[in-house]
2 protein chains.
Amino acid sequence: MNNENQIVDALRKRGNKVTPQRLVTIEVLMTLGQQHFSVEELFQGVKQRNPEVGMSTIYRTVQILEEMGLITKRNFDDGFARYELCELDEKHWHHHLICVKCGKVIEMQDDFLEALEKEIEEKKDFIIINHELKVYGYCSDCYGITKGE
Amino acid sequence: MNNENQIVDALRKRGNKVTPQRLVTIEVLMTLGQQHFSVEELFQGVKQRNPEVGMSTIYRTVQILEEMGLITKRNFDDGFARYELCELDEKHWHHHLICVKCGKVIEMQDDFLEALEKEIEEKKDFIIINHELKVYGYCSDCYGITKGE
DNA sequence: TTAGGTGCAAAAGCTTTGCAATGCT
DNA sequence: AGCATTGCAAAGCTTTTGCACCTAA
């Protein structure tokens with residue numbers, strides 16, 4: 001479970017300083033939950049609580065949080081990097097169904113891939129630390145609309 | 001099978017014109033084969049054969065080829081979009097093992113995911129048209145090196 | 001002929017960086 | 001005090017666009 005205090009401690013342990021800017025950033029991070037946020041969106045949230053904070057600070061903080069393994073970069077081809085909070089405790093990844101019509105991203109919890117992973121590690125001599133599955137298609141809202149196309 | 005003539009025909013059928021620039025671009029595309037090429041790399045290849053061609057022409061041609069479904073955009077987080085030739089005939093996707101140490105990308109042919117796809121289509125009410133699996137980890141060259149880290 | 005294509009240079013957008021001032025620890 | 005951090009502005013990157021000129025069909 002990632003709460004603010006844990007993150008703050010981890011920052012100090014890394015030799016990073018805990019500034020008001022970072023505190024606010026972490027706060028907003030928590031409110032964003034499991035969403036796929038862009039740096040811009042994070043920045044907007046932070047600015048609401050403290051208009052003084054600069055964009056580059058957010059970028060730098062995001063970099064640190066990524067190095068710490070607290071957030072992961074995702075790419076949904078919408079022009080900017082997106083991140084999401086990692087679930088540190090469980091090695092339980094989720095996948096994304098991406099609607100090519102409306103762009104909606106549906107999350108899917110399913111560890112179907114464990115068998116595949118084992119096979120890869122054996123056959124390919126590759127040590128797996130993470131994986132990412134994106135499935136493109138039409139969501140239920142868009143399927144009907146598109147049908148006659 | 002995608003040969004140059006097929007692509008040329010498809011271009012004309014779409015109402016696009018077949019210019020020398022596009023011919024060279026397609027030529028180079030063939031030599032790049034199944035590699036994951038960036039627009040810059042494609043541009044370099046084209047420039048060797050015809051130094052007059054401008055970068056924006058390559059970008060525009062790549063856009064058209066993508067719309068035509070002949071190439072697909074991939075993202076390996078190295079700063080720019082990468083593309084690869086599609087295999088039109090077979091619905092036979094391949095996946096990527098990405099080494100987080102040296103950046104090497106290993107391709108993997110395996111249609112393990114068909115069962116998963118069926119389940120998604122049923123459970124999630126989602127019509128799948130494509131998928132993309134990226135597996136991050138250490139390749140055989142880097143595993144030993146990293147071991148003692 | 002004429003609609004689409006081309007090259008160049010400029011613009012766009014996201015992201016990074018240099019630097020002087022600031023502030024955790 | 002010492003060194004990481006900050007905010008700003010400028011720079012860096014890839015990618016897109018405007019425009020006048022060209023060219024395939």
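Each chain gets a letter, A, B and so on, in the order the sequences are listed, and its residues count up from 1.
Per the geometry, CG belonging to A/Asp77 stands 17 Å off P belonging to D/dT14, to the nearest Å. As a whole-Å value, the separation of A/Phe80 CZ from D/dC13 C1' is 17 Å. We find that CD of A/Glu66 is positioned 11 Å from P of C/dT15, with the value rounded to whole Å. As a whole-Å value, the separation of B/Asn75 CG from D/dT14 P is 14 Å. We find that CD of A/Glu41 is positioned 11 Å from P of C/dC14, with the value rounded to whole Å. Rounded to an integer number of Å, the gap from CD of A/Glu40 to P of C/dT16 is 14 Å. Put simply, CZ on B/Arg82 is 10 Å from P on D/dT15, counting in whole angstrom units.
A side-chain donor-acceptor contact under 3.5 Å links B/His36 and B/Glu107. Between the side chains of B/Gln63 and B/Glu67, no donor N or O sits under 3.5 Å from an acceptor N or O.
An OP1 or OP2 oxygen of C/dT15 is reached within less than 4.0 angstrom by no side-chain nitrogen or oxygen of A/Gln63. Taking side-chain N and O atoms only, A/Tyr59 has a distance below 4.0 Å to OP1 or OP2 of C/dT15.
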Next item on the list: Classify every nucleotide of nucleotides 2-8 of chain D by which part a protein heavy atom approaches to under 4.0 Å, writing B for the base, S for the sugar-phosphate alone and - for neither, in 5'-to-3' order.
Entry: BBSSBBB
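Remark on DNA chain D: of its neighbouring residues B/Lys73 and B/Arg12, the 5'-side contact belongs to B/Lys73, judged by nearest-heavy-atom nucleotide.
A salt bridge does not link A/Glu119 with A/Lys124: none of the charged nitrogens is closer than 4.0 Å to a carboxylate oxygen. Under a 4.0 Å N-O distance rule, the pair A/Lys47/A/Glu52 does not qualify as a salt bridge.
Partners of B/Ala10 according to the side-chain contact (heavy atoms from CB on, under 4.5 Å) rule, which considers only residues two or more places apart in sequence or in another chain, are B/Met68. Checked against side-chain contact (heavy atoms from CB on, under 4.5 Å), B/Asp125 has the following partners two or more places apart in sequence or in another chain: A/Ser140.
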